[in-house]
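Reviewing the structure listed below.
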Amino acid sequence: MEPGGGAKLLPLLLLLRATHFPGAQADGWNGYAAVIEVTNGGPWGDWAWPEMCPDGFFASGFSLKVEPPQGVPGDDTAQNGIRLHCGRGNVLGNTHVVESQSGSWGEWSEPLWCRGGAYLVAFSLRVEAPTTLGDNTAANNVRFRCSDGEELQGPGLSWGDFGDWSDPCPKGVCGLQTKIQGPRGFSDDTALNDVRLFCCVN
């Protein structure tokens, strides 16, 4: 699908103030800032707190928290979380990991990296459509586009479909915010439902 297909580009400070994030101060971000979203996120859960790369850092890699298939009669949650690996330029040793809220199940994967100092600039989310008579999982996987055009697909599960690509960041991704359904006891759990990514230019 083409970039920007139905995705939203929102002013970052307005979004952060709306979610009552105490760090939403204009002097914390140099230059242009925006939020990129997709339109196919799951319907359950609540938006957690945003987490930002340090000033001057951009996300050049990511890792996923994924619960493997649970079989019958297990309760599948699939993708539970996303971590961004923020760096400066082409120095993988100089990285900082940021993570918004994650679900309770699964294990973290090894990071996938853009090449040669490129940054993450856009994303597409794989989501299983809601079903009333089955085991809902919501978000299953994510793929990212790097600033050099390379596409990286995470090691998530295969239920559902990838939606449209988000709009691209002007330079690179520098933070994230997740929508998580908390544990529901004996009811159906879905964990990660949606994600927003933040763009910076400096």
Side-chain angles (χ1 to χ4, degrees), residues 1-10 12 15 33-45 47-48 50-53 58-67 69 76-86 97-103 106 108-115 118-131 136-181 190-200:
M1 303 209 178
E2 293 301 316
K8 301 175 183 177
L9 193 64
L10 303 174
L12 178 59
L15 174 68
V35 176
I36 54 174
E37 295 185 312
V38 292
T39 58
N40 66 322
W44 301 287
W47 288 102
E51 289 287 344
M52 303 296 294
C53 298
F58 291 86
S60 53
F62 71 99
S63 53
L64 304 184
K65 187 179 186 183
V66 179
E67 181 187 48
D76 292 292
T77 62
Q79 187 176 350
N80 273 243
I82 300 176
R83 284 176 176 166
L84 297 180
H85 297 262
C86 311
V97 179
V98 295
E99 174 190 344
S100 184
Q101 187 178 9
S102 294
W108 288 101
S109 68
E110 291 297 316
L112 295 173
W113 299 95
C114 295
R115 299 173 296 201
Y119 301 121
L120 306 178
V121 295
F123 77 107
S124 172
L125 198 61
R126 184 171 204 152
V127 177
E128 183 181 37
T131 174
N136 289 290
T137 61
N140 269 246
N141 204 354
V142 65
R143 57 187 178 186
F144 285 92
R145 182 173 290 135
C146 300
S147 53
D148 63 357
E150 180 185 16
E151 293 181 6
L152 303 173
Q153 183 167 313
L157 302 187
S158 59
W159 296 313
D161 300 296
F162 280 105
D164 292 338
W165 284 93
S166 70
D167 286 320
C169 286
K171 179 175 181 179
V173 170
C174 60
L176 81 166
Q177 182 182 23
T178 53
K179 184 182 181 184
I180 298 288
Q181 182 188 48
T190 62
L192 182 68
N193 272 250
D194 204 353
V195 62
R196 296 166 173 156
L197 299 179
F198 305 154
C199 306
C200 297

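Just so you know, residue 1 is the first one in the sequence shown, and it goes up from there. If you're wondering where the values come from, they're calculated on a predicted model, not measured in any experiment.
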Query raised in the report: Side chains of Leu112 and Ser63: does their closest heavy-atom pair fall under 4.5 Å?
Result: no

Query raised in the report: Just wondering, do Cys86 and Val98 contact through their side chains at under 4.5 Å, heavy atoms?
Result: yes

**Report entry** Main-chain N/O of Leu64 paired with Ser109 side-chain donor or acceptor, under 3.5 Å
**Finding:** yes

Query raised in the report: Taking the side chain from Gln181 and the backbone from Thr190, do they hold a donor-acceptor pair closer than 3.5 Å?
Result: yes

Requested in this report: Determine whether Trp159 and Asp76 make a side-chain contact, defined as any pair of heavy atoms from C-beta on separated by less than 4.5 Å.
Outcome: yes

Query raised in the report: Is there a side-chain contact between Phe62 and Arg83 (heavy atoms, below 4.5 Å)?
Result: no

Report task. List the steps, then state whether side-chain contact (heavy atoms from CB on, under 4.5 Å) holds for Phe123 with Ile36. Result -> CA-CA 9 Å; Phe123 77 107; Ile36 54 174; 4.1 Å; yes

Query raised in the report: Ser100: what forms a side-chain contact (heavy atoms from CB on, under 4.5 Å) with it, not counting sequence neighbours?
Result: Ala48, Trp49, Leu176, Thr178

Report summary line: Taken to the nearest 0.5 Å, the spacing of Gln79 CD from Asn140 CG works out to 7.5 Å

Requested in this report: Mind checking the CG-CD spacing from Asn40 to Glu37? Nearest 0.5 Å is all I need.
Outcome: 11.5 Å

Query - Over all atoms of both residues, closest heavy-atom pair of Ala138 and Leu192 - result: CB-O, 3.6 Å

Report task. Begin with the C-alpha distance, continue with both residues' side-chain angles, and end with the deciding distance and a verdict on side-chain contact (heavy atoms from CB on, under 4.5 Å) for Glu99 and Trp108. Result -> CA-CA 12 Å; Glu99 174 190 344; Trp108 288 101; 3.4 Å; yes

Query raised in the report: Do you know the tightest heavy-atom contact between Pro43 and Asn193?
Result: N-OD1, 3.4 Å

Query raised in the report: Is any NZ, NE, NH1 or NH2 atom of the basic residue among Glu151 and Arg145 found under 4.0 Å from an Asp or Glu carboxylate oxygen of the other?
Result: yes

Report summary line: On a heavy-atom basis, the closest approach of Ile82 and Val142 is CD1-CG1, 4.3 Å

Query - Given Tyr119, Phe144, Trp113, the one that forms ring-ring contact (aromatic ring centres under 6.0 Å, His included) with His85 - result: Trp113

Query raised in the report: Shorter than 2.5 angstrom, is that how the SG atoms of Cys169 and Cys199 come out?
Result: yes

Query raised in the report: Considering only heavy atoms from C-beta outward, does the side chain of Lys179 approach that of Trp44 to under 4.5 Å?
Result: no

**Report entry** From CA spacing to verdict: disulfide (SG to SG under 2.5 Å), Cys174, Cys53
**Finding:** CA-CA 5 Å; Cys174 60; Cys53 298; over 6 Å; no

Query raised in the report: Using 4.0 Å as the upper bound for N to carboxylate O, is an ion pair formed by Glu150 and Arg115?
Result: yes

Report summary line: All heavy atoms of Leu120 vs all of Cys146, minimum pair found to be CD2-SG, 4.2 Å

Report task. Decide yes or no for Val35 and Leu197: does some side-chain heavy atom of the first lie under 4.5 Å from some side-chain heavy atom of the second? Result -> no

Query raised in the report: Which pair of non-hydrogen atoms, one from Gln153 and one from Arg143, has the smallest distance, and what is that distance?
Result: CA-CB, 3.9 Å

Requested in this report: Please answer whether the main-chain N or O of Ala139 pairs with a side-chain N or O of Arg126 as donor and acceptor at a distance below 3.5 Å.
Outcome: no

Query - Minimum heavy-atom distance between Pro155 and Val66, given as atom pair plus value - result: O-CG2, 4.0 Å

Report task. Hey, could you give me the CG/CZ distance between Asn141 and Phe162, rounded to the nearest 0.5 Å? Result -> 4.5 Å

Requested in this report: Using a 4.5 Å cut-off on heavy atoms from C-beta on, say whether the side chain of Leu125 contacts that of Asp194.
Outcome: yes

Query raised in the report: Under 4.5 Å between any side-chain heavy atoms of Leu152 and Cys114, yes or no?
Result: yes

